[in-house]
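Here's the structure, in structure tokens; my notes come after.
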There are 4 protein chains.
Amino acid sequence: MSDKSAMIHFRLNPRSGVPPYRQLVDQVRQMVSLGLLRAGDQLPSVREVMRQITINPNTVHRAYRDLEAEGLVEGRQGRGTFVVEVRTPPTTPKRQAELHKDLGAWIEKARLAGMNDEAIMALVTLAVQEITVAKEKVTP
Amino acid sequence: MSDKSAMIHFRLNPRSGVPPYRQLVDQVRQMVSLGLLRAGDQLPSVREVMRQITINPNTVHRAYRDLEAEGLVEGRQGRGTFVVEVRTPPTTPKRQAELHKDLGAWIEKARLAGMNDEAIMALVTLAVQEITVAKEKVTP
Amino acid sequence: MSDKSAMIHFRLNPRSGVPPYRQLVDQVRQMVSLGLLRAGDQLPSVREVMRQITINPNTVHRAYRDLEAEGLVEGRQGRGTFVVEVRTPPTTPKRQAELHKDLGAWIEKARLAGMNDEAIMALVTLAVQEITVAKEKVTP
Amino acid sequence: MSDKSAMIHFRLNPRSGVPPYRQLVDQVRQMVSLGLLRAGDQLPSVREVMRQITINPNTVHRAYRDLEAEGLVEGRQGRGTFVVEVRTPPTTPKRQAELHKDLGAWIEKARLAGMNDEAIMALVTLAVQEITVAKEKVTP
DNA sequence: GTGGTCTAGACCACC
DNA sequence: GTGGTCTAGACCACG
């Protein structure tokens with residue numbers, strides 16, 4: 001494993017309707033949330049992201065600035081952008097890996113049942129919304 | 001159960017970064033995809049949507065126009081907007097309900113493992129991305 | 001008094017070394033801090049600021065976005081940018097006016113003593129730094 | 001009192017938005033303007049500044065270079081950087097000390113009136129701006 | 001009309 | 001090399 005292998009690699013979905021800068025922000029938040037990015041880890045430089053995906057440097061910068069305002073990362077002049085915050089890991093890596101595997105199995109089952117990706121996404125979204133709504137009722 | 005009970009109820013998430021008109025479009029697409037909206041079903045009128053959520057009528061119109069251009073719904077002058085297309089149902093309602101239930105159980109398990117909603121969403125997104133990426137490799 | 005008379009008018013000092021977007025942010029913060037801008041008050045539109053001072057719309061927008069991230073203002077699509085937060089007024093307007101007047105008198109005295117504006121600013125900065133430093137010792 | 005006691009001690013405010021090199025320049029200018037640095041006085045060496053604050057030597061060099069270009073200081077090879085110019089002292093040290101004291105009293109009064117540091121700074125900035133604006137009208 | 005996003009490209013500050 | 005700021009101008013979303 002080289003250093004590079006641990007570095008986040010961004011993906012853009014141009015048809016999602018989500019603005020690119022927001023997709024970058026969301027991806028970093030998710031990685032941190034899952035413990036895949038930890039305090040001290042470096043984000044790829046703006047220029048590196050430009051090489052990975054076709055995107056304007058300002059857009060990347062905008063995303064990094066938003067993350068900084070949020071307190072999740074810190075830009076260090078001339079050195080790079082680094083993860084700052086370490087939220088309490090939501091669960092152990094092992095437990096999380098199991099859950100990940102279980103979810104993969106569920107998805108596989110859904111596909112065998114004839115659901116296409118769009119429908120799977122819709123069902124997932126529905127189920128997740130239900131937990132969000134339930135939560136809103138508890139913590140309005 | 002009256003007809004109204006089946007009528008789609010829109011929700012807007014102002015913090016998602018997704019433009020409101022797009023959120024409406026996505027929600028209709030998901031409902032159709034899951035068979036929760038079927039050919040002939042009526043979408044709520046613009047005024048009804050305005051009662052449900054704080055939104056400008058033009059924005060609702062825009063969403064319905066996009067759905068019509070997509071061929072998913074059809075505006076009938078003076079009567080309303082109706083679902084046209086019924087894409088092949090991805091699976092039987094019964095099978096789908098089982099999958100829905102299984103997914104709910106998985107989410108419950110994740111929460112018991114100490115994952116918060118944000119982390120659950122991240123894990124789900126990760127898993128779904130994996131199937132999408134896998135699909136891209138098969139059907140480039 | 002017309003509506004316009006109450007609207008904030010920005011000034012840029014190109015020789016201060018402070019980036020323009022930051023000068024705008026600071027000016028809004030000061031106005032709010034002094035109670036000259038209150039909850040619900042509207043900031044001039046980006047295009048209006050462009051007319052007031054020679055500045056790029058993106059720069060103004062950047063300033064407004066920063067203020068929004070800070071929770072001080074709120075941008076409402078298609079309507080404008082409005083002050084949100086009402087911090088507890090630091091003192092009564094009357095008391096504040098007196099203090100303002102006293103400070104004006106002090107400045108006048110300093111000028112009569114032969115101090116130029118640069119030196120006055122330096123002395124003020126020194127005195128203010130002293131309170132800031134004192135505060136840091138109390139709340140490190 | 002040794003020579004060292006009079007030596008300028010730099011401070012950096014990373015949240016001011018002013019670039020570090022500019023903060024150093026401004027601080028030297030202020031000290032000279034107030035007569036706290038006089039012709040022949042030595043500025044701290046680059047290494048000394050690095051001990052005082054976390055800063056890159058290039059940044060200190062840059063600041064000293066700017067001050068030299070301005071004619072305010074002079075770099076003497078192998079010996080250090082020294083203040084050159086003595087602008088006409090704006091007032092007598094005694095008078096200045098009185099004004100400093102008066103200003104300190106004013107600040108104390110403002111704090112007792114319930115103004116926090118932010119609001120005090122805002123009021124000071126406002127008052128100083130007023131004299132600057134007035135001056136511009138006189139000397140355009 | 002309003003705010004919001006993106007691209008393109010220049011220039012600066014810092015390490 | 002890094003991040004940070006600014007200008008210029010297009011285009012979108014919303015009211």
Side-chain angles (χ1 to χ4, degrees), chain A residues 12 14 17-25 42-50 53-68 73-82, chain B residues 12 14 17-25 50 54-63 65-66, chain C residues 12 14 17-25 42-51 54-68 73-82, chain D residues 12 14 17-25 50 54-63 65-66:
Chain A
L12 279 191
V18 182
Y21 88 90
R22 197 28 146 82
Q23 295 190 38
L24 300 187
V25 168
Q42 183 171 6
L43 296 187
S45 76
V46 171
R47 289 152 176 92
E48 174 61 24
V49 175
M50 274 174 64
I53 54 182
T54 301
I55 196 171
N56 185 283
N58 289 332
T59 304
V60 182
H61 187 231
R62 158 81 195 268
Y64 281 13
R65 210 160 12 82
D66 281 15
L67 286 165
E68 186 159 17
V73 308
E74 177 191 40
R76 299 182 196 153
Q77 268 287 19
R79 275 174 295 170
T81 305
F82 299 82
Chain B
L12 280 190
V18 183
Y21 88 94
R22 195 32 145 82
Q23 295 191 37
L24 299 189
V25 169
M50 281 175 66
T54 301
I55 198 170
N56 185 285
N58 293 331
T59 305
V60 184
H61 268 128
R62 159 77 194 272
R65 186 159 40 81
D66 283 16
Chain C
L12 280 189
V18 182
Y21 88 90
R22 200 23 149 80
Q23 295 189 37
L24 300 188
V25 169
Q42 183 171 6
L43 296 187
S45 77
V46 170
R47 290 152 176 93
E48 174 61 23
V49 175
M50 273 174 64
R51 281 189 290 269
T54 301
I55 196 171
N56 185 284
N58 288 331
T59 304
V60 182
H61 188 230
R62 158 82 194 268
Y64 282 12
R65 212 162 9 82
D66 282 14
L67 286 165
E68 186 159 15
V73 307
E74 178 191 38
R76 300 182 196 153
Q77 269 286 18
R79 275 174 295 170
T81 305
F82 298 83
Chain D
L12 280 189
V18 182
Y21 89 93
R22 195 31 144 82
Q23 295 190 39
L24 300 188
V25 169
M50 283 174 65
T54 301
I55 198 171
N56 185 286
N58 293 331
T59 305
V60 183
H61 268 129
R62 159 77 193 273
R65 186 160 42 81
D66 282 16

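Chain A is the first sequence line, chain B the second, and so forth, proteins listed ahead of strands; every chain is numbered from 1.
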Is a donor on one side and an acceptor on the other found under 3.5 Å between the side chain of A:E68 and the backbone of A:G75? yes
Treating C:Q23 as the side-chain partner and C:V18 as the backbone partner, does any N or O pair qualify as donor plus acceptor under 3.5 Å? yes
Do [X] and [Y] come within less than 4.5 Å of each other through their side chains, counting heavy atoms only?
| X | Y | answer |
| --- | --- | --- |
| C:R62 | A:R62 | no |
| A:Y64 | A:P44 | yes |
| A:V60 | A:I53 | no |
| A:V46 | A:T81 | no |

With heavy atoms under 4.0 Å as the rule, sort [X] into base, sugar-phosphate or nothing.
| X | value |
| --- | --- |
| C:P57 | nothing |
| C:E74 | nothing |
| C:Q42 | nothing |
| A:R62 | sugar-phosphate |

Taking for each residue the nucleotide of DNA chain E bearing the nearest heavy atom, is the 5' side occupied by D:P20 or by C:L43? C:L43
Walking DNA chain E from its 5' end, the first of C:N58 and C:G80 to be reached, judged by nearest nucleotide, is C:G80
Atom CD of C:Q77 to atom P of F:dC14: distance rounded to whole Å? 6 Å
Just how far, in rounded Å, is P of F:dA13 from CZ of B:R22? 10 Å
Quick one: how far along DNA chain E does chain C reach, first to last nucleotide 5' to 3', anything under 4.0 Å to a heavy atom? E:dG1 to E:dC6
Taking for each residue the nucleotide of DNA chain F bearing the nearest heavy atom, is the 5' side occupied by A:R76 or by C:N56? A:R76
Set of residues satisfying side-chain contact (heavy atoms from CB on, under 4.5 Å) with respect to D:T59, sequence neighbours excluded: D:P20, D:Y21, D:I55, D:N56
Find the bend of the helix from E:dG1-F:dC14 to E:dC14-F:dG1 as the angle between its two terminal axes (five pairs each), to the nearest 10°. 20°
Could you give the distance from CG (A:N58) to CE (A:M50), rounded to the nearest 0.5 Å? 9.5 Å
For A:R65 against C:R65, the heavy-atom pair lying closest together: NH1-NH1, 3.4 Å
